[in-house]
2 protein chains.
Amino acid sequence: MEKQTITIYDVAREANVSMATVSRVVNGNPNVKPATRKKVLDVIDQLDYRPNAVARGLASKKTTTVGVIIPDVTNLYFSSLARGIDDIATMYKYNIILANSDQNNHKEIQVLNTLLSKQVDGIIYMGNNVTEELRNEIVRSKTPIVLAGTIDSDQEVGSVNIDYKTASKEAVEVLIANGHKNIAFITGSLKNTFASDLRLEGYKEALELAGIPYNEKNIFEIPLNYQAGETVVERVLAANLTAAIVTDDEVAIGLLNGLSDKSVKVPDDFELIASNNSKLTKMSRPVLSTIAPPLYDIGAVSMRLLTKIMNKEDINEMSITLPYKLELRQTTK
Amino acid sequence: MEKQTITIYDVAREANVSMATVSRVVNGNPNVKPATRKKVLDVIDQLDYRPNAVARGLASKKTTTVGVIIPDVTNLYFSSLARGIDDIATMYKYNIILANSDQNNHKEIQVLNTLLSKQVDGIIYMGNNVTEELRNEIVRSKTPIVLAGTIDSDQEVGSVNIDYKTASKEAVEVLIANGHKNIAFITGSLKNTFASDLRLEGYKEALELAGIPYNEKNIFEIPLNYQAGETVVERVLAANLTAAIVTDDEVAIGLLNGLSDKSVKVPDDFELIASNNSKLTKMSRPVLSTIAPPLYDIGAVSMRLLTKIMNKEDINEMSITLPYKLELRQTTK
DNA sequence: ATGAAAGCGCTAACAC
DNA sequence: GTGTTAGCGCTTTCAT
């Protein structure tokens, strides 16, 4: 015996109405007499009818699902955004197709294409940078998109961020105010890392304002993982640096632990500031000082913005900048 | 000008073949003459045709998407599984609809229903326990499901786990061997926490084998988050306990940090073992000893199992038990 | 307030 | 090897 799917047609027959009427009650269309509505609802209940979203999607050209491109779910920065995205999506009756991209341009294109073929109503992209090719594909598809925690020069597409440059500048200023002149800037590859150029600008600006010469040797481009943070310690120490601003939380914890392994006292002998305020930053000893972007909100606001675009609502500003905080905890004096 | 979607029909017309032929080449059906295949492929390229997966789903009754119910993407234990799931899903050309459930039974049912209405080909469930209601819904839907890192009494449904009981027992035995008699068992609510009963059994068994009387006061049911771990320290210390096995990594780090805040030396004065080996466990000082389930693999194998079920392949064993390790690092002697 | 009918873009017999 | 045709389950005019 095969699974016998019951359709809107079955409901219509049992309730002695037309498919159209059933469709109306299922979709909450007010143009139905309360009595018939009840009758239909009863039959739906009795038959245990469940609307087929695929058929609906084909007929209406709306799937109520959005695609989410994420570098890696396992990265707390991105998963925090993803949580905000999903919550708001759920609130607006959307589902999320999540796809890991590993920041790999090829995978991104591929993922984008399968999302488009699945007829997602919109896309939220998280990643470091939108390549030319990706942008073209997106534009051509005419599918609404918003970049969550991702900077793009194109002001036409939606995006939600904080002011990375100023945040970075302020963080460095704290370090300078605490007496440091030799401050490391630790990031992933400057070419491919999310907002690293803006952050670097902020770093430079702070130095300049303080009259401290910029030294390229103080910039460390390393892989963005915990291990790399632990490892870079030696180079940082060898360069006689006494403070650091770190663009990634895992790296920051790695650095912190590496420092303590070498008996360097934080914050007495070395100060550092992380950049994302993922929950990791609260799990170290000493507790990490950090720039604190509203992670969940960046995701939530992104999704909200996307719903507006999908609804063709008027939008004042496509590039939203959310406020951040500077959480000075125990890795700064 | 509206977005003019290009359909299989357009391609057929331009290539002077029938829709069926286009469908064949799109689906890699071998019954097409190479020459016509090329012709069709050229037209597809030229027209930039993209198959509509929704239409295909309606016609074929397969959506090549699976639903993934996750308590919280932001939890590294689950997101690690999710990563394994997505990778294998991608490998088998499936996409993932991810939905956060917050372990909330009501949300779970709701999520399950929307997944079913979206006609997912299968479901992967992560969570603490499958409630009666949830199980009924699942069974009724006849949609293939597998439980990833989730125990269920029902041996009919697919599931992938490690032997939590034995793992727990072995971990406790290590603690006992190191001279401890007063060992805390720290978990979430015993009623609702994933495998906590099995783990507790293992704990009891180890004590019994060592002739150590079981004391209910040594069981701590606390919320599963970092903060709760930090907080429980006081109670643990007050109870004169000298070691702990902790079912959650965040809690374990919290405990460890709380201990160090009270100047309790780990592992000299206190030993502890975490249970999940999420990447958190490597980020503490001292580095956490832990039971090490193959997180990624649990996800990957779950998805692989699901593909088999969806394909109606023969399956020897629905309940898969994967091997684990015991990683004794720095929080044990 | 309700119904009839066309069609969304594709797959899957079946025929040739 | 290729074409014809009938749906898949629903939404959406357009009538009434």
Side-chain angles (χ1 to χ4, degrees), chain A residues 2-41 43-44 47-65 93 114 116-121 141, chain B residues 2-41 43-44 47-65 93 114 116-121 141:
Chain A
E2 258 309 293
K3 175 162 61 177
Q4 173 63 56
T5 44
I6 61 167
T7 75
I8 203 173
Y9 182 75
D10 299 315
V11 176
R13 182 169 27 73
E14 291 298 311
N16 279 313
V17 296
S18 71
M19 296 167 57
T21 298
V22 177
S23 177
R24 285 189 188 97
V25 348
V26 167
N27 292 298
N29 184 319
N31 284 7
V32 182
K33 192 161 42 169
T36 45
R37 175 185 308 281
K38 179 170 186 337
K39 188 171 55 180
V40 171
L41 252 17
V43 174
I44 285 179
L47 260 45
D48 195 33
Y49 164 74
R50 196 197 316 275
N52 180 324
V54 173
R56 178 183 289 177
L58 182 59
S60 70
K61 302 194 175 239
K62 288 193 193 329
T63 54
T64 62
T65 108
K93 312 279 187 203
T114 97
L116 293 176
S117 85
K118 294 235 164 149
Q119 313 299 119
V120 294
D121 296 337
S141 77
Chain B
E2 258 309 294
K3 174 160 62 177
Q4 173 60 56
T5 43
I6 305 179
T7 74
I8 204 173
Y9 183 74
D10 298 315
V11 176
R13 182 169 27 74
E14 291 299 311
N16 280 313
V17 296
S18 70
M19 298 167 57
T21 299
V22 177
S23 177
R24 286 188 189 101
V25 347
V26 168
N27 292 299
N29 184 316
N31 285 7
V32 182
K33 192 162 42 168
T36 42
R37 177 187 305 283
K38 177 167 185 341
K39 188 170 56 178
V40 171
L41 251 16
V43 174
I44 285 179
L47 259 46
D48 196 32
Y49 164 73
R50 198 197 316 273
N52 180 325
V54 173
R56 177 182 292 178
L58 182 58
S60 69
K61 303 195 173 238
K62 290 195 193 324
T63 54
T64 62
T65 107
K93 312 279 187 203
T114 97
L116 293 177
S117 84
K118 295 233 163 150
Q119 313 298 119
V120 294
D121 296 336
S141 78

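In the text below, chain A, chain B and the rest are named by the order of the sequence lines, each starting its count at 1. Only a predicted model underlies this, so the values are computations on that prediction, with no experimental measurement involved.
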Between the two ends of the helix from C:dA1-D:dT16 to C:dC16-D:dG1, what is the bend in degrees, rounded to 10 degrees, where each end axis spans five pairs? 30°

For A:Asn52, answer base if it contacts any base atom (sugar-phosphate contacts may also be present), sugar-phosphate if it contacts only those atoms, and nothing otherwise; contact means non-hydrogen atoms under 4.0 Å. sugar-phosphate

Starting from C1' on C:dC8, measure out to CZ on B:Arg56 and report it in whole angstrom. 16 Å

Rounded distance in Å - CD1 (B:Ile8) to C1' (C:dG7): 16 Å

Bounded by its outermost nucleotides with an atom under 4.0 Å from a heavy atom of chain A, the footprint on DNA chain D reads D:dG9 to D:dT12

Output the rounded distance in Å from CE (B:Met19) to P (C:dA13). 15 Å

For A:Thr65 and A:Lys118, run side-chain contact (heavy atoms from CB on, under 4.5 Å): C-alpha distance rounded to whole Å, both residues' side-chain angles, the deciding distance at 0.1 Å, then the answer. CA-CA 9 Å; A:Thr65 108; A:Lys118 294 235 164 149; over 6 Å; no

Separation between OH (B:Tyr49) and CD1 (B:Ile6), nearest 0.5 Å, reads 10.0 Å

NA contact type, A:Val26, heavy-atom cut-off 4.0 Å: base, sugar-phosphate, or nothing? nothing

With rounding to the nearest 0.5 angstrom, report the CZ to CG distance, A:Arg13 to A:Asp10. 5.0 Å

Considering just the side-chain nitrogens and oxygens of B:Thr5, establish if one lies under 4.0 Å of OP1 or OP2 belonging to C:dG9. yes

Just how far, in rounded Å, is C1' of C:dT11 from CG of A:Leu58? 12 Å

Short side-chain N/O contact to C:dT11 OP1/OP2 from B:Asn27, under 4.0 Å: yes

Sorted by position of nearest nucleotide on DNA chain C, 5' first, the leading residue of B:Tyr49 and B:Arg24 is B:Tyr49

What's the CD-P distance between A:Gln119 and C:dG9, to the nearest Å? 9 Å

Could you walk me through whether B:Val22 and B:Tyr9 pass the side-chain contact (heavy atoms from CB on, under 4.5 Å) test, one step at a time? CA-CA 8 Å; B:Val22 177; B:Tyr9 183 74; over 6 Å; no

May I have all residue pairs that pass side-chain hydrogen bond (donor to acceptor under 3.5 Å, both in side chains) and include part of residues 50-59 of chain A, sequence neighbours excluded? A:Arg50-B:Asn113

Residue whose nearest DNA chain D nucleotide is more 5′ - B:Lys33 or A:Tyr9: B:Lys33

Does the side-chain contact (heavy atoms from CB on, under 4.5 Å) test come out yes or no for B:Val25 and B:Thr36, once each step is laid out? CA-CA 9 Å; B:Val25 347; B:Thr36 42; over 6 Å; no

Tell me, do A:Thr64 and A:Lys93 make a side-chain contact under 4.5 Å, heavy atoms counted? no

Considering only C:dG3, C:dT11, C:dC10, which nucleotide approaches the side chain of B:Ser60 most closely? C:dT11

Looking at A:Asn31, is its backbone amide N or carbonyl O close enough to the side chain of A:Asn29 to form a donor-acceptor pair, meaning the two atoms are under 3.5 Å apart? yes

Between C:dG7, C:dT11, C:dG3, which one does the side chain of A:Ser18 approach most closely? C:dG3

Output yes when at least one side-chain N/O atom of A:Lys61 is less than 4.0 Å from OP1 or OP2 of C:dG9, else no. yes

Spacing of OG1 belonging to B:Thr21 relative to CE belonging to B:Met19, to within rounding of 0.5 Å: 10.5 Å

